Amino acid sequence: MPAADRVAAARDRLEGVRSWLERHGLSLAALGTTAVLAVMLYLPVGVVFVEAVLEEGRPTLAHFAEVLTDPFYFGALADVFADPLAVGDHLASLAGWLGAISVAPTLAYPIPGLDLPVPWLALDAPPVRKGLFGFTAYQAALSTVASVAIGLPAAYVLANYEFYGRRTLRSLTILPFVLPGILVAVGFYSMFGRTGTLNSLLGAVGLGPFAFVETSPLAIVILAHAFYNAPLVARLTVAAWESVDARTVETARSLGASRRRAFRDVVVPQLLPAVLTGALLTFIFTFMTFPIVLALGGLRLATVEVWIYDRVQRLAYGEAATLAVLETMLSLGLTYAYLRYESAQAGFSRAPSPTPKEPLFPDLRTALSPRRLAVLGYGLVALVLFVGPMASLLVGSVTDGAGFTLDHYAFLLERQLEGASFQTLPLPAIRNSLLFGLATLAVAVPMGVVISVLTVRAGRSGRIVDALAMLPLAVSGVVFGIGLLQGLVFGLSLPGGWRLQLTGSVAIVAAHAVAAYPFVTRNVSPLLANLDPAMVESARALGASRTRALLDVELPLVRSGIVAGAAFAFAISIGEFSSTVILASGSESYTMPVAVERYLGRRSGPAIAMGSLLLLVTAASFVVIDRVGGGERA
């Protein structure tokens, strides 16, 4: 065959392959996503579920009966589970409790260590047997209120005012996501401890020292949760606030509505879905909280997660698996409620005429207005809560009890230059974190986009797929870790003498992608849902395959959501600890959070120095991602 014919035949074959991939690209991506989820998500979770319903190889529900009827776990509700038909007795108990509640004016001393009385309405109510699940829900509710209360002012400032560094500040609001919980606990001790930064500042004006952590551990835990979740609330609400059409506000004002009335009747209804979405996600995340509570509160503030960890430590796998199943079912119910609520809303589409931003401090007179002063006051609170712990970490990395020192970084350098191969070295940890983060983007973004396409265009059945795909949001790190350990790390026997065992870099990237893709989906799905299906149909009518229509028409229009989801995915990968520490065991695939934990087991100084490097590397990465992607939404 002449050379020209061979070239033409090869070109035809390549064209055929390209055409086949275009026709089946979406299906192949869906199959790949399903395979990753089956191995890295449903298999580990299934292992835990099986553990809960088996005893010595026989199916049983005895574990569930014991837990549900134990007041230690469910408090007053345990009586209801034990005898659900005694409705009269349960109602009589509830009426007796309500009748014993009283409210009276009194003086309170709300500031620890400060003898300053404040008029207060004292609520006297009989104690409620909350149980472990009740206390977990109670602290999650308080954490949600705190996160919303702290996140909303940040959203207001970022969405309505222009100032130097606004985009960088907006990019860095995601930074708390990357911090391992143990490092946040160290940062809060450095900030709020008896010898911490806050007490040093108060001591300069003759106040303190106050034992914030020792006397109010629950309050410190709630603040730590707000440190994590208030930025999430802020980013979601900023996107919604910037999507408010200025013309609707102007129309309301032209019809005679005051500025306050226009805000209440026009702006608030458009912000409410984003605020409730952030609140619901915060409740889910804080319901499954683990390292913060364990480090700052211990077993005296034990949540379900902490208790599961304790049961595993005591080799009570059956009880731990039962608690894990109940917790996952509750979280799944909340996640499903969140998805239904989100699907009922209009989404966060970009407004054709967004509200223009005002200069924050255009002149001195404006700067002294009550609104600007309130913004300044909030800025001080944010400095203490958000910047304080991170700044305390950075300061702690260059100081010791005697003053300034670089010994902690010298230790890291010495470990890198002279450390043995089996020891934890800083540079491989940084390299692995960045490579895993990039690899996670390559896997999680396509997974999240594919699931968005399937769920948005699939109608009613898409809601079921969406709920199943959002399982990572409902499964805690401890539960996932138990499943990984007993499933993929120890290995599972397969028919034909095969054995499934997966650890190392590939498993870590897959686990990170599984944890990260829901954030891509949640950012892309609302934008895809707002696109006119006629655009895709027109492209198909002109001969484009479904994959080509997706690549050329839909994805460019939802680019901002993809960039925002990618930033979240990178953050999740960089900060992920629970599954990484299990899958990296015995290998050189450790990351920065794992290195922090390993150094923390010996001396706190090198761990804090490593944590500071984690902060700096990831902060620079987020700014680059946002700037390169041009993301302006959450």
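Computed from a prediction, not measured in an experiment: that's the story for all the values here.
- In the displayed structure, Phe404 atom CZ is contacted under 6.0 Å by more than 12 heavy atoms of other residues, nucleotides or ligands.
- Inter-residue side-chain proximity for Pro426 and Tyr409 is flagged as unmet; no heavy-atom pair is nearer than 4.5 Å.
- Between the side chains of Tyr590 and Thr424, not a single donor N or O lies within less than 3.5 Å of an accepting N or O.
- The neighbour count for Phe163 CZ, taken as heavy atoms of other residues, nucleotides or ligands under 6.0 Å away, is above 12.
- Counting heavy atoms from C-beta outward, Val36 and Tyr517 have side chains that stay 4.5 Å or more apart.
- Residues Tyr156 and Tyr378 place their aromatic rings such that the two centres sit no closer than 6.0 Å.
- The closest side-chain heavy-atom distance from Ile430 to Met610 is below 4.5 Å.
- Contact of the Tyr228 side chain with the Ser147 side chain is not registered, since no non-hydrogen atoms from C-beta on lie closer than 4.5 Å.
- Side chains of His512 and Val443 form no contact here, defined as non-hydrogen atoms less than 4.5 Å apart.
- In this structure, CD1 on Ile292 lies 12.5 Å from CD1 on Ile222, to the nearest 0.5 angstrom.
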- Query: Please walk me through it: do Glu305 and Val293 pass side chain to side chain contact (heavy atoms under 4.5 Å, CB included)?
  - Reply: CA-CA 9 Å; Glu305 280 286 282; Val293 175; over 6 Å; no
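- With rounding to the nearest 0.5 Å, the separation of CG in Leu41 from OG1 in Thr34 is 11.5 Å.
- For Ala507 against Met40, the heavy-atom pair with the smallest separation is O-CE, 3.4 Å.
- Remark: the Thr144 side chain and the His225 side chain contain no N/O donor-acceptor pair separated by less than 3.5 Å.
- No side-chain donor-acceptor contact under 3.5 Å links Thr303 and Thr136.
- Scored by the side chain to side chain contact (heavy atoms under 4.5 Å, CB included) test, Ala321 finds Val48, Glu51, Ala52 as partners (sequence neighbours excluded).
- With no hydrogens or angles considered, a side-chain donor-acceptor pair links Ser589 and Ser505 at under 3.5 Å.
- Taking OG1 of Thr591 as the reference point, atom CZ of Phe436 lies at 7.5 Å (rounded to 0.5 Å).
- Interatomic distance, CG of Leu280 versus CZ of Phe285, reported as 9.5 Å (0.5 Å rounding).
- A distance of 4.0 Å separates CD1 in Ile574 from CZ in Phe570, rounded to the nearest 0.5 Å.
- When only modelled atom types and interatomic distance are considered, Thr286 and Ser143 share no side-chain donor-acceptor pair under 3.5 Å.
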- Could you walk me through whether Phe287 and Glu327 pass side chain to side chain contact (heavy atoms under 4.5 Å, CB included), step by step? CA-CA 9 Å; Phe287 189 85; Glu327 182 197 42; 3.9 Å; yes
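- Interatomic distance, CE of Met288 versus CG of Leu334, reported as 9.0 Å (0.5 Å rounding).
- Nearest heavy-atom pair, Met191 versus Ser392, reported as atom, atom and distance to 0.1 Å: SD-OG, 3.6 Å.
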